Amino acid sequence: MSEKIIRLRAAAPSEEHVFKIKYADLLNPEQLAAVTHRDGPILVVAGAGSGKTRTLIYRVARLIESGVPPGSILLLTFTRRAATEMLRRAEEIVGDRAGKVAGGTFHSFANTVLRRMGSMIELAPNYTILDRSDSEDVINLIRTRMGLGSRERRFPKKGTVAEAISMARNKRQTLEVEIEADFPHLFEHLSEIMELARQYEDYKRERGLLDYDDLLYRLAELLEQHERARRRMSDTYRYIMIDEYQDTNLIQADLVRLLGAEHRNVMAVGDDAQSIYSFRGANFRNIMDFPALFPGAKVVKLEENYRSTQGILDLANDVLSRARDKYTKTLFTKRAGEFRPILVRAPDEHMQSRFVAQRILELREEGADLNEIAVLFRSSFHSFDLELELQRRGIPFIKRGGFKFIEAAHIKDVLAHLRVIANPADAVSWLRVLAIIKGIGPRTAGPAADAIATSRDPAGALAQLGTSARGGSQSGLKRLGAMLAELRRPGIRPADQIAVVLEYYAPLMREAYADDHPRRERDLEHFQNLSERYRSLEQMLADMALEPPTDSLAGVLAADPDDECVTLSTIHSAKGLEWKAVFIIWAADGRFPGPQSIDEGSLEEERRLMYVASTRARDELYLSYPIYMFDRNFGHTMGRASRFIEDVPIELLPTATLAEEEDAAD
DNA sequence: TACAAGTAAGTTTTT
DNA sequence: CTTACTTGTA
């Protein structure tokens, strides 16, 4: 006869006294609801400036305080910067425990997992990550090999083909559907492009290459096909948070579904009105569909804005109110202030630049920190004239977005040498490495690169090539072989490897870029400095592909990063950031929206972009455009205000015109 | 066959 | 400014 057992349950530590942080005092009721939510799916729809980041940070703190091990929290963000910044702020609240939280972009997370578990799906752990231009190089190579693009029938450019292929994958569509919908002008080449895409896939698989899309696809493949991997992931990461959910695409949503399937502890945070990445396959409907992905998801809305003054919000709301898809959100604030944004009509581009520079100097006089000022624009080249003007007046700035340091040909050259060390099967990098040598052109380099990459003994294959090669290339190949041997020295640090490459590459570069090699040499020095942080070559290469230094080339040279400086940024790169004073330049039809955004779908996205731009400002917002615009196609034309602000009532957006100062006594 | 030099045309946003 | 393609030269 067994005795009956009565089990005692531990008292639920439900009350707030367990927590050191007084959440209720620090957060509004909606934020609090999101922060104190513990288990199960939750969607936080957070308007611009509504304390979204704050909410995420306190949720991390709260989970940690509740006894959740920091290592079992995964924070997926749009950039690594965003993740590190959030975790830094969480550390200020709960101490360095927060540093153990796993965080990064979808791509970097996928990379970490695939390096560790990729062998389960026949993926060698030393794969190389192809950035966009690498992919284009591969596509170009295959195109030439297929004999496409003869004189009679022009073939689309590699960039366009790469874009179509990537877009199809990001939207989970067949190439055929994608091309028909978004690239109708490529339709006549459909069958060739499809064959090219097939060969591109094979090429990557055979040579251990992964492009950005592969990182996501192969992680999904791993999780879908291997119960064990899926279990391990969801055991490791019990709590998942995703920031900027409106800019995820279907594969990313799939990854979230797979990662959260076991425990369903998933928090998605985003704002449908700020969806600006559809060109990357993002779909703002994703955020609406979150409750369908995780039925029973709690939904919290944050609508109170803590960032901007009412005048700025009035303009932002007005821009959004004309959107085709009506959003229910209307931002409001309790912040007092009479400031109204102003639309400045400049006679020409240079006057616009002078206005911005002058106003920046005035703001500094008024006591503003230069770090609190930003100039935003639709396309990276819109700031060229302003950059010159700022330089002329000695106003320090950094530029974000646009052409990146890492994309410069000479940096890519140096990286290619390191990449063939990390992954000898990386034929794209071999191609680059070989083509640098004098006497070797594309005709020779192509097959040679493939021979080396697929060889069991790449170093031997290279040496053999050196002896059989004709003419002048022999000595070059010999030098390359010797240099690579030195790179393979066991225990060598990445920074020293770069030093070895530079010694070899510098003379070659001086010849190849005779006109401007001093500038490029400074870049290489900068690169060498960057590399000092790394202890593993693999990590450095992955970082360079996934989270390259965000400063563009111009910015690196223009300012010491420690100094106070104005930020120039594309609107895309300004996402999630805020400044005291913001200028939006080139707010002109034909630039913003640009000439390629004439269809209704992309116009809607451009409008959201204007919304994002204007909600970056806390206290002051200036929009401007030049009246006389020079256009390559139309010559000089009269500029008009961007259609997104054209109909804004003048009370919400007063205008001003620039005039030269009268010549007073000097 | 490799490559320099010259011409013509296209140019968003990013992991 | 970059890239793609042509032409001329070694």
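Fair warning: this is a prediction, and the values are worked out from it, not measured in the lab.
Along DNA chain B, the nucleotide nearest A/E606 and the nucleotide nearest A/S108 are compared for position; the residue whose nucleotide lies closer to the 5' end is A/E606.
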inquiry  = Please convert DNA chain B into dot-bracket. A pair counts if it is Watson-Crick or G-U wobble with both distances under 3.5 Å; crossing pairs go in [ ] and bases paired with another strand get |.
reply    = ||||||||||.....

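Here A/R280 pairs with A/F78, A/Y277 under the side-chain contact (heavy atoms from CB on, under 4.5 Å) rule; sequence neighbours left out. By the side-chain contact (heavy atoms from CB on, under 4.5 Å) test, A/T77 is found to be paired with A/L75, A/A82, A/A83, A/M86, A/D243, residues two or more places apart in sequence or in another chain being considered. Here A/R520 pairs with A/D516 under the salt bridge (Lys or Arg N to Asp or Glu O under 4.0 Å) rule; sequence neighbours left out. Scored by the side-chain contact (heavy atoms from CB on, under 4.5 Å) test, A/K157 finds A/T160 as partners (sequence neighbours excluded). By the salt bridge (Lys or Arg N to Asp or Glu O under 4.0 Å) test, A/E605 pairs with A/R608, sequence neighbours left out. Applying the salt bridge (Lys or Arg N to Asp or Glu O under 4.0 Å) test to A/D385 and every residue at least two apart in sequence or in another chain returns nothing. Applying the salt bridge (Lys or Arg N to Asp or Glu O under 4.0 Å) test to A/R285 and every residue at least two apart in sequence or in another chain returns nothing.
Protein atom NE2 of A/H572 is 9 Å distant from nucleotide atom P of B/dT13, rounded to whole Å. A/E387 has its CD atom 14 Å from the C1' atom of C/dC1, to the nearest Å. Whole-Å rounding puts the A/Q252 CD to B/dT14 P distance at 16 Å. Look at OH on A/Y217: it is 15 Å from C1' on B/dT15, rounded to the nearest Å. Atom pair A/M544:CE and B/dT15:P shows a separation of 14 Å (rounding to whole Å applied). If you measure from atom CG of A/L434 to atom P of B/dA2, you get 13 Å, rounded to the nearest angstrom. Taking atom NZ of residue A/K575 and atom P of nucleotide B/dT13, one finds them 16 Å apart after rounding to whole Å. Whole-Å rounding puts the A/D137 CG to C/dA4 C1' distance at 14 Å.
A cation-pi contact, defined as under 6.0 Å to the ring centre and within 45° of the axis, is absent between A/R143 and A/Y200.
Stacking of A/F279 onto the six-membered ring of B/dT13 is present: less than 5.5 angstrom between centres, less than 30° between planes.
Side-chain atoms of A/R143 lie closest to C/dC5 of the nucleotides B/dT12, C/dC5, B/dT14.
Within 3.5 Å, no donor on the side chain of A/R280 pairs with an acceptor on the base of B/dT13, nor the reverse.
Using a 4.0 Å heavy-atom criterion, one finds that A/I440 contacts the sugar-phosphate atoms exclusively. In this structure, A/F381 reaches neither bases nor backbone, as no heavy-atom distance under 4.0 Å exists between it and the strands shown.
No hydrogens or angles considered: nothing links the side chains of A/S135 and A/Y212 as a donor-acceptor pair under 3.5 Å.
Within a heavy-atom distance below 4.0 Å of DNA chain C, the residues of residues 157-167 of chain A found are A/K157, A/K158.
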